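Since the structure comes first, as structure tokens, the remarks are kept for the end.
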Amino acid sequence: MRATAVACANIAFAKYWGKADPWLNIPAVPSISLTLRGLETVTTVELDPALEHDEITIDGELISPPESKRAVELLDAVRACAQSRCFAKVLSRNNFPKASGLASSASGFAALSVAARAAYGLPFDPVESSRLARRGSASAARSLFGGYVELPQGLPGDDSLAARPLYPPEHWELRLVVAIVCEQPKKMGSRPAMEQTRASSPYYAAWLEHAPKLAQRVREAIAKRDIEALGHASEASFQAMHAAAWAAEPSIFYLEPASVEALHTIRSMREKEGIPVFATMDAGPQVKAICLPEHAEAIAQRLSNTKGVLRVLITQPGPAASLIESPS
Ligand code: DP6
């Protein structure tokens with residue numbers, strides 16, 4: 001039994017940061033993202049009765065515990081559902097380099113959840129796969145769907161939480177221009193950083209209160225295809241998230257000097273040249289510019305000429321996760 005699935009990365013306009021339930025990995029705030037065409041993970045899951053444990057290879061590298069723990073837990077959940085005890089070989093490949101600073105965990109867990117269910121003979125069910133992927137990495141729950149996607153906040157113990165599609169990619173032809181400023185692995189993963197923010201940031205409570213309002217503004221802006229409203233709400237979301245993390249003790253600070261330069265480039269294009277372009281950032285130093293297709297090339301040009309920016313990528317709305325090979 002063998003199945004292969006593909007899933008795309010996503011970037012959030014309204015950020016998820018903080019958990020209502022750390023054991024079930026349930027977000028404490030709603031998040032809204034765009035799935036991105038071309039930034040893909042392709043994953044094959046093949047059952048092998050001769051194996052004594054799962055064997056997971058990512059980009060040619062065999063992964064062992066503790067790195068493989070979340071993927072093995074996902075496979076355990078699928079096995080429980082399929083009433084199987086057979087271990088599997090997992091081969092996963094990202095078409096964007098791990099060091100590019102773009103999270104591969106979202107597309108990775110999304111592709112794994114689709115391929116694993118199919119390999120174990122379970123029907124294709126994006127909602128169920130989204131729920132499974134959420135346990136691996138909550139942002140991954142959103143990569144099951146194409147275009148504009150929401151992962152609502154959840155309640156402790158509510159393991160049914162999954163993402164839901166808001167609008168297909170064609171709803172709005174936005175572009176996200178990614179400025180890569182650092183290719184080293186990030187300083188601190190989202191999971192421990194969220195926990196450190198919860199445990200010690202004086203602004204964490206304010207973030208929890210404010211984030212749903214920002215998500216509502218993002219939702220309305222996407223519905224109306226209003227770039228100004230989306231841009232301002234998205235900037236407010238990443239800034240509040242980073243501010244809460246920055247105020248933690250020890251402080252979590254993801255910006256590099258070149259991130260600050262790129263943020264200035266974006267702000268200057270907006271304020272001095274009247275181009276509707278807005279920034280967002282995740283748990284790392286890369287800066288992403290949110291803009292309309294007609295401005296993407298000029299923004300990419302300016303960002304690549306910004307001090308410290310290594311490369312830029314222009315990304316666009318992408319499709320849902322899908323099966324590309326199912327067991328015959
Ligand atoms: C800043 O989904 O990587 O990118 O659920 O602990 O695996 P875990 O966290 P993860 O966090 C993503 C955080 C973010 C914002 C976002 O994508 O919404």
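Numbering of ligands and ligand atoms starts at 1, following listing order. Note that this is a predicted model, so its numbers are computed, not measured. Residues take their numbers from the sequence shown, with the count starting at 1.
Under 4.0 angstrom from ligand 1, there are no non-hydrogen atoms of Ile11. Of all the heavy atoms of Arg142, the ones lying under 4.0 Å from any atom of ligand 1 belong exclusively to the side chain. Contacts with ligand 1 closer than 4.0 Å are made by no heavy atom of Met281, backbone or side chain. Counting heavy atoms closer than 4.0 Å to ligand 1, residue Ser190 contributes side-chain atoms (C-beta onward) but none from N, CA, C or O.
Annotation: Asn10 places no N or O atom under 3.5 Å from an N or O atom of ligand 1; distance criterion only. For Trp17, no nitrogen or oxygen atom sits less than 3.5 Å from a nitrogen or oxygen atom of ligand 1, counting backbone and side chain alike. Ligand 1 has a nitrogen or oxygen under 3.5 angstrom from a nitrogen or oxygen of Ser137. For ligand 1, none of its N or O atoms has an N or O atom of Lys15 under 3.5 Å away.
The heavy-atom pair separating Ile32 from Ala215 by the smallest distance is CD1-O, 3.4 Å.
Counting the atoms of ligand 1 from 1 in the order shown, those under 4.0 Å from a heavy atom of Ala12 are 16 (C), 17 (O), 18 (O). Taking a cut-off of under 4.0 Å to the non-hydrogen atoms of Ala283, the atoms of ligand 1 that pass are 1 (C). The distance from ligand 1 to the heavy atoms of Arg70 drops below 4.0 Å at these ligand atoms: 7 (O). Within ligand 1, the atoms closer than 4.0 Å to a non-hydrogen atom of Lys19 are 5 (O), 6 (O), 8 (P), numbered from 1 in the order shown. Short contacts between ligand 1 and Met194, defined as distances under 4.0 Å to a heavy atom of the residue, involve ligand atoms 9 (O), 11 (O). Residue Met241 approaches ligand 1 through these ligand atoms, each under 4.0 Å from one of its heavy atoms: 1 (C).
Below 30°, between 30° and 60°, or above 60°: for Tyr167 and His171 the angle between ring planes is below 30°, a parallel geometry. By the 30° and 60° cut-offs, the orientation of the rings of Tyr254 relative to Trp17 is perpendicular.
Defined by atom type and a distance below 3.5 Å, a donor-acceptor pair is missing between the side-chain atoms of Gln301 and Glu297. Between Ser234 and Thr280, the side chains place no donor N or O within less than 3.5 Å of an acceptor N or O (distance only, hydrogens not considered).
Nearest protein neighbour of atom 2 (O) of ligand 1, counting heavy atoms only, is Ser139 OG, 2.7 Å. Scanning the protein for heavy atoms near atom 4 (O) of ligand 1, the closest one is Asp282 OD1, 3.3 Å. Annotation: atom 15 (C) of ligand 1 to nearest protein heavy atom, Tyr16 O, 3.3 Å.
Between Arg175 and Glu294 there is no salt bridge, since none of the side-chain N atoms of the basic residue sits less than 4.0 Å from a carboxylate O of the acidic one. A salt bridge is defined here as a Lys NZ or Arg NE, NH1 or NH2 lying under 4.0 Å from an Asp or Glu carboxylate O, and Arg79 with Asp54 meets this definition. The pair Glu195-Arg191 fails the salt-bridge criterion, with no side-chain N (NZ, NE, NH1 or NH2) lying under 4.0 Å from an Asp/Glu carboxylate O. A salt bridge links Glu150 with Arg164: at least one charged nitrogen is closer than 4.0 Å to a carboxylate oxygen. With salt bridges taken as basic N to acidic carboxylate O contacts below 4.0 Å, one links Arg302 and Glu273.
Here the straight-line distance linking atom CD of Glu61 with atom CD of Glu67 works out to 8.5 Å at 0.5 Å rounding.
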